[in-house]
Amino acid sequence: MTQTGDIKTLKLDGRDVSARADETILQIARQNGIFIPTMCELEGLSSPGACRLCLVEVKGSSKLMPACLTHAEEGMEVTTGSERLVNYRRMIVELFFTERNHVCSVCVSNGNCELQSLAQKVGLTHVHFPYRFPGEQVDASHGRFIADHNRCILCTRCVRVCDEIEGAHTWDVMGRGIQSHVVTDLHEPWGASASCTGCGKCVQVCPTGALFEKGRSVAEMHKRRQFLPYLTLMREGRE
Amino acid sequence: MSRKKLATVWLDGCSGCHMSFLDMDERLIELAAKAELVYSPLVDHKEFPPDVDVTLVEGAVSSEEDLHKIQTIRARTKCLVSLGDCAVTANVPGMRNPFPVIEVYDRAYRENTTLDPGEPNEVVPRLLPHARPVHEVVTVDVFVPGCPPSAGVIYEAVTALLEGKHPDLSAKTRFGA
Ligand code: SF4
Ligand code: SF4
Ligand code: SF4
Ligand code: FES
């Protein structure tokens with residue numbers, strides 16, 4: 001997979017760093033202790049570049065680039081924390097909060113939620129956009145899990161883990177734009193799904209309180225992700 | 001040093017933020033030396049006075065009365081503080097927002113009542129279509145998220161504001177804290 005000779009030298013926030021050509025700006029930043037916020041990306045799954053939280057500036061390009069999908073190139077100069085980027089990131093986080101109904105104080109994931117902690121990390125104390133307060137469904141038809149669409153941010157981690165790791169492809173995205181929703185099978189109740197194996201991987205990778213285990217009350221849902229790097233490692237070893 | 005004028009108001013919230021305010025315990029005595037509580041559910045003043053330095057607002061803006069109150073309060077306050085998630089995000093009172101108001105009234109005053117069912121037409125203020133965060137209705141100067149914000153966070157916010165400083169609370173409290 002890796003050609004060891006193919007090492008690139010680039011600048012990250014003015015710092016000289018070296019990386020393999022197959023590494024992304026995000027991976028390089030993490031290795032060098034530089035924080036770039038992410039939501040759709042999860043180590044071990046493919047990256048759709050959907051959430052746009054990880055956008056960075058690359059010198060010579062007028063477009064912003066998603067760090068999770070942009071590979072290292074020789075002589076690249078990358079900025080990860082300009083005022084413009086910081087503003088865009090805060091806006092994206094704010095839009096996550098306004099798009100659905102996030103009521104952290106009564107949420108199963110309160111205190112263990114990636115969206116909630118990201119909001120705090122980017123210094124969000126309130127949202128500048130008007131809240132939409134949409135009417136969203138809660139699907140409690142599955143024997144062990146619940147899908148609460150009020151808390152979904154459409155990161156599609158559930159879709160990818162189910163397809164790429166479990167191989168069931170129970171989850172998919174239906175609709176476009178603001179109408180988009182994740183659905184099970186052909187938009188059938190989760191409990192009636194013929195493809196769902198009940199493995200719970202989607203629940204564990206979901207960054208918010210959108211997917212959770214039955215019987216969990218406020219602040220009781222802790223996600224367990226240890227299986228993902230382990231399974232990925234085992235599969236890579238087999239190739 | 002002349003004492004500053006401090007006020008607190010209770011809109012659509014559970015009073016938990018005021019409970020947390022009281023949880024400042026002995027620090028309240030220290031605050032009383034710096035500020036006079038000129039209006040609050042905790043004291044007995046009927047009219048919101050003019051020229052208040054700092055007003056802490058608990059709760060979302062949910063009814064016609066809330067709307068009227070907050071507009072008056074804004075006009076008479078130098079520094080308006082959204083205290084707690086209900087004021088900052090609409091939080092729990094906002095959970096009715098996906099439903100039309102008529103359904104909310106039906107659930108509260110028709111489906112669950114045997115004696116004289118129907119919407120109240122006196123004393124109880126009319127609901128607005130949505131419970132809204134305070135800053136969607138009037139300009140807010142400082143935001144203190146948390147449900148409720150801890151007594152320590154409230155103390156830090158209030159002492160800083162009374163000294164004319166803008167507190168940075170983002171590391172100390174968050175939505176749902
Ligand atoms: S999913 Fe996260 S951000 Fe949304 S309500 Fe729950 S804790 Fe808050
Ligand atoms: S259910 Fe969870 S994992 Fe799936 S798209 Fe929504 S937030 Fe992401
Ligand atoms: S923020 Fe929480 S504690 Fe404060 S009024 Fe609302 S529900 Fe009560
Ligand atoms: S993490 Fe890169 S686009 Fe979502």
Side-chain angles (χ1 to χ4, degrees), chain A residues 35 37 86 89-90 93-138 148-153 178 181 207-209 212 216-222, chain B residues 13-14 16-17 20 57 59-62 80-101 103-104 128-149 153 157 166-177:
Chain A
F35 170 73
V86 167
R89 279 172 197 159
R90 181 163 321 144
V93 178
E94 290 189 21
L95 289 169
F96 280 141
F97 279 97
T98 58
E99 188 171 9
R100 299 281 172 97
N101 302 304
H102 291 272
V103 190
C104 299
S105 57
V106 294
C107 179
V108 286
S109 286
N110 191 10
N112 311 292
C113 170
E114 289 181 48
L115 178 60
Q116 186 186 41
S117 57
L118 181 60
Q120 191 174 23
K121 196 147 190 175
V122 302
L124 203 81
T125 58
H126 68 292
V127 166
H128 297 80
F129 304 107
Y131 286 88
R132 291 180 63 245
F133 302 120
E136 291 291 341
Q137 298 297 312
V138 178
D148 180 353
H149 294 273
N150 291 288
R151 311 283 197 255
C152 175
I153 58 164
I178 202 75
H181 280 83
T208 68
F212 61 99
R216 303 281 175 183
S217 180
V218 173
E220 287 182 356
M221 188 62 216
H222 298 248
Chain B
C14 73
C17 291
S20 197
V57 186
V61 180
S62 295
L80 193 68
V81 184
S82 271
L83 180 71
D85 283 350
C86 293
V88 177
T89 75
N91 198 29
V92 175
M95 288 169 74
R96 73 165 167 94
N97 291 349
F99 306 95
V101 170
E103 286 181 23
V104 177
L128 298 171
H130 282 158
R132 314 264 9 161
V134 176
H135 67 276
E136 286 191 14
V137 180
V138 293
T139 307
V140 169
D141 303 299
V142 177
F143 297 84
V144 188
C147 183
V153 164
H166 198 101
D168 181 10
L169 303 165
S170 59
K172 296 181 181 119
T173 186
R174 57 164 164 73
F175 301 142

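All values reported here derive from a predicted model rather than from experimental measurement. Chain A is the first sequence line, chain B the second, and so forth, proteins listed ahead of strands; every chain is numbered from 1.
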For this session: Would you please indicate if the ring centroids of H102(A) and F175(B) are separated by under 6.0 Å?
Result: no

Seminar exercise, completed: For A90(B) and F133(A) the tightest heavy-atom approach is CB-CZ, 4.1 Å

Exercise. Which residue out of G94(B), P133(B), S170(B), S82(B) racks up the most heavy-atom pairs below 4.5 Å with chain A?
Worked result: S170(B)

Seminar exercise, completed: Okay, A87(B) and chain A: the region with an atom under 4.5 Å from a heavy atom over there is neither

Seminar exercise, completed: In terms of heavy-atom contacts, T173(B) and Q120(A) come closest through O-NE2, 3.3 Å

Exercise. For F99(B), does the CZ atom have more than 12 heavy-atom neighbours from other residues, nucleotides or ligands under 6.0 Å away?
Worked result: no

Problem set entry | Closest contact, heavy atoms only, V92(B) versus V103(A) | N-CG1, 3.9 Å

Exercise. Does any heavy atom of chain B fall under 4.5 Å from the side chain of P130(A), the backbone, both, or neither of them?
Worked result: both

Exercise. For the candidates G146(B), P145(B), C147(B), which exhibits the highest count of non-hydrogen atom pairs separated by less than 4.5 Å from chain A?
Worked result: P145(B)

Exercise. Which word best sums up how the rings of H126(A) and H135(B) line up, parallel for under 30°, tilted for 30 to 60°, or perpendicular for over 60°?
Worked result: perpendicular

Exercise. With distance as the sole test, does E136(B) use its side chain to make a donor-acceptor pair with the main-chain N or O of Y131(A) at under 3.5 Å?
Worked result: yes

Exercise. When you check the side-chain N and O atoms of D85(B) and S105(A), is any donor under 3.5 Å from an acceptor?
Worked result: no

